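One structure below.
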Amino acid sequence: MTALPRIVSPLYHVTTCMYYVYGLVYPRLYNLHMPGTEGFGGRFKYLTYLSFCLQAGYYMFAVIVDLHTTVKGYQCSKTKRIRDMWFSVFVFPLTVLVTLMFWGLYAVDRELVFPKFLDEHIPVTYNHMVHSFIVPLAVGEMLTTSIAPCPRGKSLKLLGFFALLYTAWSYLVSVKTGLWAYPILNKLSTIHRCLFFAFAYVLIILAYLITDTLQRIVSPTEKHNKKSE
């Protein structure tokens, strides 16, 4: 793959970072009333919002890494490793999982994930901002930034830990509020709910493996500066 001009990646990070900051402040900016976000857990009970925050944090960190590289004249290997793992383990896999699960369930029966009454409270623009546009943005990051594939063993352990942590968090929310965050989980029996989570685990592992494979194919060839801080 032909290497892109060095300025492309920093510009992409700044632009995408602005997008995510706008997405984070959008509900408050337009005074959106978002049913289901009140009470214990707030918006953090939803994987969509947690994933969006992780994505936003990644692009903010990427901007900091770019600034450090510009000021110091070299790329710090430690911060680059953190950035690469953040993207490989959390950003891309969770982006794919959120988009596939949301629109897959929406296509089957929207009442399972995004009941029709929410259209009165949540604009279509915001819905696509957090459930659709995130995928092309993640792909764009992969195409414009040199991201080194991380060790699969360590990556899968981190991803598995996050998945189990979110499952435990979801269960805690259901205990505290009497309801699961997503409508489909309230309709399922305990056994079917376990199978649903198991399917989600398989899907996110597949998303990671796709990420790892694509990185090896489309990421620009790396020429690391061995110099560190």
Side-chain angles (χ1 to χ4, degrees), residues 1-29 44 47-99 125-126 128-152 154-156 158-159 162 204 207-229:
M1 181 175 176
T2 304
L4 297 172
R6 289 186 178 181
I7 192 64
V8 172
S9 181
L11 284 178
Y12 187 81
H13 289 153
V14 170
T15 304
T16 311
C17 184
M18 291 171 64
Y19 170 90
Y20 276 96
V21 170
Y22 179 62
L24 289 174
V25 302
Y26 189 102
R28 184 174 296 275
L29 195 63
F44 289 99
L47 182 61
T48 295
Y49 186 70
L50 285 173
S51 174
F52 199 82
C53 288
L54 281 170
Q55 294 159 37
Y58 167 80
Y59 288 106
M60 292 176 190
F61 185 71
V63 169
I64 294 173
V65 172
D66 292 336
L67 287 173
H68 178 275
T69 302
T70 301
V71 172
K72 295 291 186 179
Y74 61 86
Q75 192 171 59
C76 176
S77 59
K78 291 182 180 179
T79 55
K80 185 185 185 305
R81 280 198 299 271
I82 294 172
R83 186 201 67 186
D84 292 353
M85 183 164 285
W86 194 334
F87 180 84
S88 301
V89 177
F90 299 114
V91 175
F92 199 90
L94 288 175
T95 296
V96 172
L97 178 68
V98 166
T99 299
T125 302
Y126 184 71
H128 283 296
M129 182 178 288
V130 298
H131 291 120
S132 304
F133 303 148
I134 54 177
V135 170
L137 287 174
V139 172
E141 171 67 1
M142 199 178 292
L143 291 171
T144 59
T145 303
S146 183
I147 300 175
C150 303
R152 284 189 177 182
K154 184 176 182 180
S155 298
L156 287 171
L158 287 171
L159 192 58
F162 177 86
I204 197 170
Y208 164 74
L209 294 175
I210 290 171
T211 306
D212 187 68
T213 301
L214 288 176
Q215 282 177 340
R216 298 174 192 277
I217 296 173
V218 305
S219 289
T221 302
E222 292 197 308
K223 293 180 180 179
H224 295 294
N225 187 339
K226 301 295 183 181
K227 200 173 180 182
S228 59
E229 286 183 324

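All residue numbers in this chain count up from 1 along the given sequence. In this text, all values refer to a predicted model and were calculated from it rather than measured experimentally.
Considering only residues two or more places apart in sequence or on other chains, Arg152 meets the salt bridge (Lys or Arg N to Asp or Glu O under 4.0 Å) condition with Asp212. Evaluation of the side chain to side chain contact (heavy atoms under 4.5 Å, CB included) rule for Leu11 yields Ile7 as partners, not counting sequence neighbours. In this view, Tyr22 and Tyr26 satisfy the ring-ring contact (aromatic ring centres under 6.0 Å, His included) rule, not counting sequence neighbours. Residues passing the ring-ring contact (aromatic ring centres under 6.0 Å, His included) test with Phe162 are Phe90, sequence neighbours excluded. The side chain to side chain donor-acceptor pair (under 3.5 Å) check on Tyr59 picks up nothing, with sequence neighbours excluded.
Using a 4.5 Å cut-off on side-chain heavy atoms (C-beta onward), Val65 and Cys76 make no contact. Counting heavy atoms from C-beta outward, Leu214 and Met142 have side chains that approach closer than 4.5 Å. By the 4.5 Å heavy-atom criterion applied to side chains, Leu97 and Leu47 are counted as neighbours.
Below 30°, between 30° and 60°, or above 60°: for Tyr58 and Trp86 the angle between ring planes is above 60°, a perpendicular geometry.
To the nearest 0.5 angstrom, Gln55 atom CD is 11.0 Å from Leu50 atom CG. Atom CG of Asp66 is separated from atom CZ of Arg83 by 7.0 Å, given to the nearest 0.5 angstrom. Rounding to the nearest 0.5 Å gives a distance of 11.0 Å between CG of Leu54 and OH of Tyr49. Once rounded to the nearest 0.5 Å, the distance linking CG of Leu67 with NE2 of His13 reads 11.5 Å.
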Quiz: residues 130-140 side-chain donor-acceptor pairs under 3.5 angstrom, not counting sequence neighbours:
residue	atom	partner	partner atom	Å
His131	ND1	Asn127	O	3.2
His131	ND1	Asn127	OD1	2.6
His131	NE2	Thr48	OG1	3.0
Ser132	OG	Trp103	NE1	3.0
Ser132	OG	His128	ND1	2.9

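Defined by atom type and a distance below 3.5 Å, a donor-acceptor pair is present between the side-chain atoms of Ser9 and Thr145.
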